[in-house]
Amino acid sequence: MNRATLIKSLLRLAAGLPLLLNHALGAALGWLLWRLPNDARRVAERNLGLAFADWPVAARAALLRRNLIETGKLFLELGPLWLWPGARVLALVRGPVAGEEALAAAVRARRGAILLTPHLGAWEMAGLYYSSRHPLTILYRPSRLGLDALSIQGRGRLGGQVVATDARGVRSLLTALRQGEVLGILPDQDPGEEGGVFAPFFGIAASTMTLVSRLALKTGAPVFLTWAERLPRGRGYALHLRELPEVSMAATLEDSVAALNRGVEAAVRSLPDQYLWAYKRFKTRPPGLPKLY
């Protein structure tokens, strides 16, 4: 059995469980990530040391443990979120989403909107929720795990249109925005040496995509940041939404990108346990600086 088949089988098994049990097993998986030597732990520990260098060592160690447990939950909950019936998934959202009226107003006025979903909490839950309520085009980066077909089906089944990070996908984003629709973009992926500019993120120069800022400055569309906070004991998710006017109203592209990172950082600081610290966010370095991983 190859890796893709194994992961798909595990996700289908997870989809057969209630969320409480799903998260309990995910927590056990995360505990193993914390206890055993592995790349996810190494990268998360490195990132936490960079982002929270002023914290006591014991406090960072405690955050690392909590974070890897949440990372385990993040992986297993993909089964329910991608495979459960839509109504069952949407029922996991607890309470109204404060600030959503501003997003809805932008859609009604056909201004369009850019919805940023960083690697914080259950970003798949956020995408499903908004795609069920607004015309949403979702940008995704093809996976090396062989899960593209499953993820595209899972992300798009409540109305979202899923497009890849290529020239055709970017054209689809601009077309959707000009038609007054909403774009869903992960803003905190490392775009490499040629796909971004460096801007501070937790005080570290991070290669950051310019796509969001270029679209916002070109069209004037409002930019929102959202994340789905994972609630304890499998109780579901609380969605948060903030508008980031400084991204679309910046004087320069560089100022806009910096404002984007400030918005993401503020959200992460509000919920550091549930950020994907195991991602190599600082892989691309400014010329002349040593590698961090």
Side-chain angles (χ1 to χ4, degrees), residues 1-14 17 19-82 118-124 141-148 150-151 186 188-192 201-207 227 229-230 232-234 264-265 268-269 271-286 289-293:
M1 181 182 297
N2 61 35
R3 182 172 60 174
T5 301
L6 178 61
I7 293 174
K8 290 175 185 177
S9 298
L10 183 59
L11 293 181
R12 291 191 176 97
L13 178 63
L17 304 174
L19 192 63
L20 175 62
L21 182 54
N22 182 286
H23 278 174
L25 291 176
L29 174 61
W31 184 85
L32 289 176
L33 289 176
W34 173 66
R35 289 294 298 175
L36 303 176
N38 59 85
D39 194 54
R41 172 176 176 145
R42 180 183 64 81
V43 173
E45 189 169 25
R46 179 60 166 148
N47 280 336
L48 290 175
L50 294 167
F52 300 105
D54 57 334
W55 281 27
V57 173
R60 285 203 307 270
L63 176 56
L64 175 66
R65 179 181 181 277
R66 296 194 304 271
N67 177 250
L68 291 175
I69 286 174
E70 292 295 327
T71 301
K73 295 179 186 178
L74 166 69
F75 174 69
L76 285 193
E77 74 189 0
L78 290 178
L81 296 182
W82 283 353
H119 293 93
L120 179 62
W123 59 89
E124 300 289 348
R141 178 180 292 181
S143 169
R144 291 176 294 180
L145 299 177
L147 300 178
D148 284 357
L150 180 61
S151 66
L186 280 164
D188 53 343
Q189 291 179 316
D190 186 330
F201 186 59
F202 284 88
I204 303 146
S207 181
W227 66 98
E229 178 183 355
R230 189 177 302 109
R233 296 180 294 281
V264 174
E265 180 178 332
V268 173
R269 287 186 181 277
L271 193 65
D273 292 14
Q274 294 187 25
Y275 190 59
L276 189 62
W277 293 109
Y279 175 66
K280 294 180 179 179
R281 181 63 186 89
F282 309 109
K283 181 178 180 179
T284 301
R285 299 288 284 150
L289 292 185
K291 293 183 178 180
L292 294 176
Y293 307 108

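- Shortest non-hydrogen contact noted between E77 and H23 is OE1-NE2, 2.8 Å.
- Taking CG of L63 as the reference point, atom CG of L48 lies at 5.0 Å (rounded to 0.5 Å).
- In this structure a side-chain-to-backbone donor-acceptor pair under 3.5 Å is missing from R285 to L292.
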Next on the checklist: Checking N47 against Y279 for the side chain to side chain donor-acceptor pair (under 3.5 Å) test, could you report, in this order, the C-alpha distance in whole Å, the side-chain angles of both residues, the deciding distance, and whether it holds?
Outcome noted: CA-CA 8 Å; N47 280 336; Y279 175 66; over 6 Å; no
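- In this structure, CG in D273 is found 11.0 Å from CG in L64, a value given to the nearest 0.5 Å.
- Distance alone, capped at 3.5 Å, is enough to place a donor-acceptor pair between the S207 side chain and the G192 backbone.
- Within the 4.5 Å cutoff, the side chain of H119 has no heavy atoms near those of the W277 side chain.
- In this structure, the separation between CG on D39 and CG on L33 is 10.5 Å, given to the nearest 0.5 Å.
- The shortest heavy-atom contact between N67 and Y275 is ND2-O, 2.6 Å.
- Distance CG/L81 to CG/L76: 11.0 Å, rounded to 0.5 Å.
- In the displayed structure, R66 atom CZ is contacted under 6.0 Å by more than 12 heavy atoms of other residues, nucleotides or ligands.
- A salt bridge links E265 to R269: at least one charged side-chain nitrogen sits closer than 4.0 Å to a carboxylate oxygen.
- Shortest non-hydrogen contact noted between L68 and A44 is CD2-CB, 4.2 Å.
- No donor-acceptor pair closer than 3.5 Å links the side chain of D188 to the backbone N or O of P118.
- Of all heavy-atom pairs between K283 and Y293, the closest is N-CE1, 3.4 Å.
- Between W55 and F52, the ring-plane angle classifies as tilted under the 30° and 60° cut-offs.
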